[in-house]
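This report refers to the structure that appears directly beneath it.
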2 protein chains.
Amino acid sequence: MSKNSISNSVIRRLPRYHRFLGDLEANGYVRISSRELAEKMGLTASQIRQDFNCFGEFGQQGYGYNVKELRGEIGKILGLDVSTPMILLGAGNLGRALAAHIDFRNRGFELIGIFDANPAVVGDTIGELSVRSVDELEAFCTQHRPEAAILCIPKGEAEKEADRLISYGVRAFWNFTHYDLRISHKDVAVENVHLGDSLTTLSYALSGISGKDKEDKE
Amino acid sequence: MSKNSISNSVIRRLPRYHRFLGDLEANGYVRISSRELAEKMGLTASQIRQDFNCFGEFGQQGYGYNVKELRGEIGKILGLDVSTPMILLGAGNLGRALAAHIDFRNRGFELIGIFDANPAVVGDTIGELSVRSVDELEAFCTQHRPEAAILCIPKGEAEKEADRLISYGVRAFWNFTHYDLRISHKDVAVENVHLGDSLTTLSYALSGISGKDKEDKE
DNA sequence: AACACTTTGTTTAATTCTTGACAAACAAGA
DNA sequence: TCTTGTTTGTCAAGAATTAAACAAAGTGTT
């Protein structure tokens with residue numbers, strides 16, 4: 001009941017709130033008002049109050065919100081108070097970048113294994129992990145029980161590998177494949193990331209900039 | 001007038017339509033109905049018809065939509081019929097991965113230069129480009145006039161470098177910095193990508209999966 | 001302690017987005 | 001050519017989202 005009542009639009013904003021509050025905390029902020037936060041984030045104060053109200057009353061009239069407490073609360077909603085073991089499939093450019101670049105710990109995950117099908121990269125060290133062969137995947141999953149996986153593999157293998165991982169007990173996919181993963185299982189979470197779509201959005205925004213297009217008379 | 005009338009929600013869906021139509025075309029589809037496309041994309045047929053109608057009547061009753069024609073039209077809306085010169089700042093893990101992984105041509109851009117502040121990586125070859133020193137940035141921009149830039153640099157430098165690039169004529173930023181770039185210039189487009197937020201969203205989704213949480217009685 | 005000021009939580013209103021419904025238009029086969 | 005079936009474009013109803021408004025509660029200063 002607690003979670004189901006929070007609308008999707010609110011959920012989509014929560015990671016950003018969490019991030020901003022983290023920055024504020026790092027900068028020594030102890031309290032913040034909805035008005036000031038709205039200013040910083042480019043939202044309305046009304047929306048912020050309404051959002052935070054979805055999961056309890058954390059503010060205090062005349063004072064505002066306690067940054068640390070509020071951040072912790074949002075973190076709990078987002079499930080960041082647990083650490084889910086995660087593996088990476090595909091140690092190509094993108095896989096390596098994610099393994100090195102992402103702060104898994106602060107996002108509720110821990111990267112415990114990296115796998116690749118290419119024998120040439122098996123054995124490479126990335127961060128503190130060395131790349132294993134996909135042949136070891138089943139044995140590894142049986143032993144270490146990862147619950148989440150990052151997919152940085154070719155488009156054509158996404159569905160097959162996802163199904164395999166599900167059979168090994170994986171429940172969440174962070175999918176960077178050029179393919180929209182849609183799992184029939186309703187107990188499996190998927191986050192499809194399409195960097196190409198993001199760049200396309202930038203193209204649209206750029207094309208609308210004044211002076212860019214000839215037919216921008218209207 | 002043409003563009004301003006398209007709502008934001010529709011725009012956000014356009015890149016995905018474009019991608020799906022590309023896949024369909026590659027698979028030999030010549031025509032498709034809103035009903036069938038809705039099925040494939042997990043949307044309602046009504047929404048698809050309404051979306052496509054925002055920018056003209058491309059369908060035909062009793063027939064559906066011509067895949068190639070529709071895709072081309074959406075591409076035009078998205079500005080994919082031009083090729084905007086783009087540079088990359090930061091040749092670390094993530095920068096390299098993007099340079100290698102993204103199909104710039106089909107997203108309306110062309111990557112023409114890569115820059116890094118670290119002398120150790122200057123001279124490295126990535127794809128067909130070699131990494132240049134940031135010292136050459138101004139001269140390069142004066143000569144080649146890039147209009148867009150990817151930022152894969154440390155958080156603290158994002159704002160400063162963005163301002164510098166704007167003064168060199170850059171009008172669009174694809175920002176992977178852990179920082180929400182907000183440009184006062186209204187003639188500058190920004191697409192902030194926060195992979196960490198995306199992973200956080202997955203954490204939330206996973207935490208809501210049945211059997212995962214103890215307190216999921218309700 | 002009293003007063004002026006700030007800020008929340010909540011209600012209500014406005015706006016935006018999505019879905020359902022259906023007539024008009026076309027396709028395809030007899 | 002006529003008839004049946006399909007599918008669009010569009011309108012209108014229904015949801016969902018966002019913004020505005022305000023009383024109640026607390027702060028901080030004198």
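All chains are named by letter (A, B, ...) in the order of the sequence lines, taking the proteins before the strands, and each is independently numbered beginning at 1.
To the nearest 0.5 Å, the span separating OH on Tyr204(B) from OG1 on Thr201(B) amounts to 10.5 Å.
The CZ-P distance, from Arg12(B) to dT16(C), rounds to 14 Å in whole Å. Taking atom CD1 on Ile32(B) and atom C1' on dT6(D), their separation rounds to 15 Å, with Å as the unit. To the nearest angstrom, C1' of dT7(C) lies 15 Å from CG of Leu70(A). Rounded to an integer number of Å, the gap from CG of Asn8(B) to P of dT18(D) is 11 Å. Between the CD atom of Glu57(B) and the C1' atom of dA25(C) there is a distance of 11 Å, given to the nearest Å. Atom CD1 in Ile6(A) sits about 16 Å away from atom C1' in dA16(D), given to the nearest Å. Protein atom CD of Gln47(B) is 8 Å distant from nucleotide atom C1' of dC17(C), rounded to whole Å. The nearest whole Å value for the distance from the CZ atom in Phe52(B) to the P atom in dT10(D) is 15 Å.
Closest approach to the Gln50(A) side chain among dT8(D), dT11(C), dT8(C) is made by dT11(C) (side chain taken as heavy atoms from C-beta onward). Nearest to the side chain of Ser9(B), among dT17(D), dT18(C), dT7(C), sits dT18(C).
Residues Phe58(B) and Phe52(B) place their aromatic rings such that the two centres sit no closer than 6.0 Å. Aromatic rings of Phe140(B) and Phe115(B) (six-membered ring for Trp) have centroids within the 6.0 Å cut-off, being under it.
With a 4.5 Å cut-off on side-chain heavy atoms, Phe104(B) and Ile150(B) count as touching.
For the pair Asn53(B) and dT10(D), the criterion of a side-chain N or O lying under 4.0 Å from OP1 or OP2 is met. At the phosphate of dT8(C), OP1 or OP2 sits under 4.0 Å from a side-chain N or O atom of Ser34(A). Contact check, Arg35(A) against dT7(C): a side-chain N or O comes under 4.0 Å of OP1 or OP2. For Thr44(B) and dT19(C), the shortest distance from a side-chain N or O to OP1 or OP2 is below 4.0 Å.
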Checklist outcome for this item: Going 5' to 3' through nucleotides 21-30 of chain D and flagging B where a protein heavy-atom sits under 4.0 Å of the base, S where only the sugar-phosphate is that close, and - otherwise, we get BB-BBSSS--
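Residue Glu110(A) places its CD atom among more than 12 non-hydrogen atoms of other residues, nucleotides or ligands, all under 6.0 Å distant.
Across all strands, Tyr65(B) comes closer than 4.0 Å only to sugar-phosphate atoms, never to a base (heavy-atom distances).
Asp163(B) places no side-chain N or O within donor-acceptor distance of the main-chain N or O of Ser167(B), the cut-off being under 3.5 Å.
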Checklist entry - Checking salt bridge (Lys or Arg N to Asp or Glu O under 4.0 Å) for the pair Asp197(A)/Arg12(B): CA distance, chi angles, key distance, verdict? => result CA-CA 9 Å; Asp197(A) 286 6; Arg12(B) 277 199 303 268; over 6 Å; no
